[in-house]
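Okay, structure first, notes after.
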Amino acid sequence: MTDAVTDRFLRYVVIDTQSDPKSSTQPSTEKQMNLGRLLVEELLTIGLSDAHIDEHGYVYATIPSNVDKPVPVICFCSHMDTAPDFTGTAVKPKRVQNYRGDDIQLSGDPQQIIRVSENPALLDQIGNDIITTDGMTLLGADDKAGLAEIMTAAQFLVDNPAIKHGTIRLLFTPDEEIGRGADKVDLIKLGARFAYTVDGETAGHIEDETFSADGVEITIQGVAIHPGFAKGKMENAIKVAGAVISRLPKDAAPETTAGREGFVHPTGVTGSMEKAVLSFIVRDFNDDGLAAKEALLENLVKDVMADYPGSSYTFDVKQQYRNMKTILDRHPEIVDNAIEAVRRAGMVPVRGSIRGGTDGSRLSFMGLPCANIFAGGHAFHSPLEWISQQDMEKAVKTLVELAKIWEERS
Ligand SMILES: [Zn+2]
């Protein structure tokens with residue numbers, strides 16, 4: 001088991017599976033199928049005879065139940081793609097054995113240093129074996145660690161029939177990093193009651209909360225006129241937009257908030273004298289907080305507009321996703337069982353919230369309640385990404401324990 005998870009991980013990270021938000025197909029990039037096909041081959045080798053990949057790039061497989069009593073069907077899920085933020089072509093994984101607690105200089109680019117000061121989690125890894133890149137690509141531990149861990153746990157369960165468990169479905173998705181990982185999943189075919197994405201960071205962490213998220217688009221209609229005759233008449237929409245931006249609350253921005261605080265964040269601005277469009281994302285952990293931030297934003301716009309009597313604005317709110325805790329709280333056994341599994345795997349469980357959305361939150365609202373379990377990776381989406389072999393092994397243990405606990409408690 002020890003070598004298997006790392007071997008698998010190293011095999012998967014060298015396959016380029018970067019997704020592409022500009023593509024309209026699913027999978028967004030054909031190369032994701034290469035990893036999908038390899039996973040199917042490996043699943044068949046393990047003995048999961050129904051393993052297959054569909055035309056959208058989703059991999060499905062089943063570990064059949066080995067008990068007579070009914071146990072809820074659970075699903076382990078992770079994503080095959082890597083983030084568009086940084087290249088995933090020609091990944092060269094490097095191993096730091098018996099880590100000593102120093103900064104890690106990456107061999108391909110001396111500028112790239114994984115610093116302990118920026119990665120305090122490294123101090124929990126003394127004596128462990130750490131895997132990094134050479135600094136030229138991302139690593140893709142997000143989420144190939146999850147794939148390797150689920151695959152290794154599956155093999156372990158199949159090879160050890162004395163371990164009792166219900167039916168476990170495996171699901172590997174494309175295009176999670178571009179927000180489309182749940183788009184084409186066939187929940188009927190999957191047939192699972194509850195699910196776990198294995199896509200979190202630090203060992204021991206379980207996440208059952210995401211942001212609630214809206215997008216806001218503000219369109220400002222100014223008063224356009226020839227600049228030579230503009231005195232007392234022109235209301236330049238670009239300047240109105242600038243006034244709105246300058247009054248945004250400084251204490252409710254992504255760069256000034258953490259933990260359970262939400263924010264209002266401008267993501268785009270286009271404009272001419274006649275018309276300007278401002279795009280925002282608004283985030284909070286509860287719906288009232290979200291509404292309050294939107295009201296604050298609209299009041300601020302109204303305030304600015306008072307100085308421009310000839311101009312007008314529209315304010316459009318679009319729902320993006322909602323905090324999955326609403327759904328997960330109706331099925332407390334999902335998180336309770338995960339907490340017990342983490343404990344039995346030798347860690348102190350930590351419950352957390354995700355400052356973002358996940359496919360798990362989408363799946364939860366589509367009818368498959370889904371919490372997120374750690375995969376062990378750190379510094380996602382960057383060339384400084386790293387993970388330890390020992391944390392991947394802990395994740396494998398957690399998944400095996402989770403399978404046992406669902407059987408025991410049914
Ligand atoms: Zn991920």
Side-chain angles (χ1 to χ4, degrees), residues 5 8-9 12-13 15-21 26-29 31-32 35-36 39 57-59 75-88 91 93 119 121 131-133 137-153 170-185 195-211 213 320-321 324 338 352-364 368 370-388 391-392 394-396 398-399:
V5 69
R8 286 186 192 280
F9 178 71
Y12 305 155
V13 294
I15 300 171
D16 183 358
T17 56
Q18 190 177 47
S19 49
D20 177 7
Q26 182 139 20
S28 66
T29 51
K31 59 190 176 185
Q32 295 180 64
L35 177 56
L39 291 167
Y58 290 77
V59 174
C75 168
F76 294 148
C77 173
S78 58
H79 63 91
M80 297 181 284
D81 64 318
T82 62
D85 315 38
F86 208 85
T87 180
V91 172
N119 291 266
I131 301 163
T132 70
T133 66
T137 65
L138 50 64
L139 178 60
D142 174 16
D143 187 23
K144 287 164 182 169
L147 297 174
E149 290 153 4
I150 293 172
M151 293 290 289
T152 309
L170 309 184
L171 172 68
F172 304 141
T173 61
D175 296 333
E176 190 268 354
E177 297 289 2
I178 57 173
R180 298 182 209 156
D183 280 10
K184 298 266 158 99
V185 63
Y196 298 91
T197 47
V198 185
D199 194 20
E201 297 186 50
T202 309
H205 284 237
I206 299 152
E207 288 149 338
D208 61 349
E209 265 208 282
T210 57
F211 272 144
Q320 293 178 326
Y321 56 85
M324 65 184 179
S353 35
I354 305 167
R355 290 177 64 77
T358 65
D359 275 352
S361 57
R362 298 216 19 234
L363 290 171
S364 294
L368 180 62
C370 185
N372 189 39
I373 300 181
F374 73 95
H378 294 270
F380 287 175
H381 303 188
S382 87
L384 302 177
E385 205 182 346
W386 61 273
I387 191 165
S388 80
D391 284 353
M392 285 196 281
K394 285 179 189 163
V396 175
T398 302
L399 295 176

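In listed order, ligands and their atoms are each counted from 1. This is a predicted model, so every value here is computed, not measured.
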**Message:** Between Arg180 and Pro21 (side chain of the first, backbone of the second, donor and acceptor by atom type, cut-off under 3.5 Å), is there such a pair?
**Reply:**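 At least one qualifying donor-acceptor pair exists.
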**Request:** Give a yes-or-no answer on whether the side chains of Glu176 and Thr173 include a donor-acceptor pair shorter than 3.5 Å.
**Result:**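 Per modelled atom types, Glu176 and Thr173 side chains form no pair under 3.5 Å.
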**Message:** Ignoring hydrogens and geometry beyond distance, is a side-chain donor-acceptor pair present between His378 and Asn119 at under 3.5 Å?
**Reply:**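 No pair is found: no donor N or O on one side chain lies under 3.5 Å from an acceptor on the other.
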**Item:** Contacts of the Zn ion (ligand 1) with protein N/O/S atoms, counting only those under 2.8 Å
**Value:**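 Near the Zn ion (ligand 1), the protein supplies His79 NE2, Asp142 OD1, Asp199 OD1, Asp199 OD2.
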**Prompt:** Name the one of Ser78, Cys75, Cys77 that satisfies side chain to side chain contact (heavy atoms under 4.5 Å, CB included) with Ile150?
**Reply:**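 Of the listed residues Ser78, Cys75, Cys77, the side chain to side chain contact (heavy atoms under 4.5 Å, CB included) partner of Ile150 is Ser78.
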**The single option from Asp81, Asp20, Asp175 passing side-chain hydrogen bond (donor to acceptor under 3.5 Å, both in side chains) against Ser28** =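 When side-chain hydrogen bond (donor to acceptor under 3.5 Å, both in side chains) is applied between Ser28 and each of Asp81, Asp20, Asp175, only Asp175 qualifies.
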**Message:** I need the minimum non-hydrogen distance between Asp143 and Ala375, along with the two atoms involved.
**Reply:**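 The pair with the smallest heavy-atom distance is OD1-CB, 3.9 Å.
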